[in-house]
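Here is the structure we will look at, set down as C-alpha cells.
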Amino acid sequence: MTSVLFVCLGNICRSPLAEGLFRHHVERLKLTDRFLIDSAGTGGWHEGEGPDHRSVAVAARYGVDISAQKARKLRMEDFERFDLILGLDRQNVIDINRLHMITHPSRVALYLEEAQDLKRDVPDPYYGDTRDFEAVYKLCDQASQKLIERLVR
Ligand code: 4NP
C-alpha cells in the first residue's frame, strides 16, 4: 500500500484535481487496493468547503466527479500517515518542508518532478479563467498516469 497526499495552497482548485485524477486512473487500472489517496492545503481558509466550482466543472466535462471532496489543512500527523507528500508548486513544497522534520517517515517532493521529472509548478488558477483550469486538468491528467506507472513499478 502506498499513501499519497497532494498539497496546494487552498485545497480547492489544484490538489482536488490532482487527487481526483489520480484516483480516477487508479480505479480505471483496478489498482484501488494499492493506494491511499488524499489532498490538503497549506492554508486553512477553505476548510470544510467543496472544491472550487471551476475545478468541479472542468473535471465533470471529462466525466470525472470530484464534487464530494472537502478541503482541509495539512496537519502534522500527515507526516506520519503518508509515504509521499507532493506539493503542486515550489512554494507549496517550501511551506510543507517548514513543518516536515527529518524524523518523519514521509517524503516530500514537487508533484510534476516526482511524476515526470519536470521541475515545473502547476500554476495557481484561482484568479484565472476556464482556460487556466483546463490547463491544470491536463497537467494533472498526464502527471497522475505517469505517477501511477512509477509507483507500481
Ligand atoms: P489552490 O488555489 O491552492 O489551487 O486551491 C487557491 C485557492 C484559494 C486561494 C488561493 C489559491 N485563496 O487565496 O483563498
Side-chain angles (χ1 to χ4, degrees), residues 2-28 35-101 104 106-148 150-151:
T2 304
S3 48
V4 190
L5 182 68
F6 300 95
V7 177
C8 64
L9 179 59
N11 192 208
I12 56 166
C13 298
R14 290 166 292 172
S15 58
L17 284 169
E19 175 189 342
L21 280 161
F22 190 83
R23 179 170 290 114
H24 170 74
H25 290 295
V26 161
E27 286 173 358
R28 179 178 61 77
F35 292 101
L36 190 148
I37 309 160
D38 199 5
S39 65
T42 57
W45 314 284
H46 299 278
E47 189 97 45
E49 292 175 21
D52 187 286
H53 66 92
R54 297 163 296 177
S55 286
V56 173
V58 70
R61 278 202 293 283
Y62 291 96
V64 178
D65 182 8
I66 64 164
S67 63
Q69 293 184 36
K70 288 282 173 280
R72 70 168 179 89
K73 193 176 180 185
L74 179 69
R75 41 184 182 249
M76 289 312 284
E77 69 206 55
D78 291 324
F79 296 103
E80 308 289 340
R81 276 184 63 213
F82 290 92
D83 301 311
L84 192 54
I85 299 185
L86 298 175
L88 275 278
D89 68 30
R90 279 166 281 201
Q91 186 59 49
N92 301 145
V93 172
I94 290 168
D95 294 336
I96 297 163
N97 277 329
R98 283 214 180 97
L99 300 173
H100 186 233
M101 289 184 287
H104 285 142
S106 299
R107 194 162 66 76
V108 176
L110 182 66
Y111 175 62
L112 290 181
E113 187 169 19
E114 186 69 16
Q116 46 195 132
D117 299 323
L118 295 171
K119 284 190 176 52
R120 267 187 65 192
D121 297 337
V122 175
D124 185 347
Y126 190 62
Y127 293 105
D129 60 22
T130 307
R131 271 170 308 185
D132 300 296
F133 279 82
E134 185 82 21
V136 171
Y137 181 93
K138 294 256 165 73
L139 284 172
C140 291
D141 189 33
Q142 185 176 65
S144 51
Q145 296 181 69
K146 304 235 173 187
L147 186 60
I148 293 165
R150 287 192 169 181
L151 294 176

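Atoms within each ligand, like the ligands themselves, are counted from 1 in listed order.
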- Would you give the length of the straight line joining atom CD of Gln91 to atom CD1 of Ile96, rounded to the nearest 0.5 angstrom? 10.5 Å
Test item: [X] side-chain N/O and [Y] main-chain N/O as donor-acceptor pair under 3.5 Å:
X	Y	answer
Arg54	Cys13	no
Ser3	Asp83	yes
Asp52	Ile12	no

- Task: Please report the shortest heavy-atom distance between Gly87 and Asn92, naming the atom on each side.
- Result: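 Distance-wise, the nearest heavy atoms are CA-CB, 4.0 Å.
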- Every residue of the protein that comes under 4.0 Å of ligand 1, judged on heavy atoms: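 These residues qualify: Cys8, Leu9, Gly10, Asn11, Ile12, Cys13, Arg14, His46, Asp124, Tyr126.
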- Task: Give the C-alpha distance, both sets of side-chain angles, the deciding distance and a yes or no for side chain to side chain contact (heavy atoms under 4.5 Å, CB included) between Tyr127 and Asp132.
- Result: CA-CA 9 Å; Tyr127 293 105; Asp132 300 296; over 6 Å; no
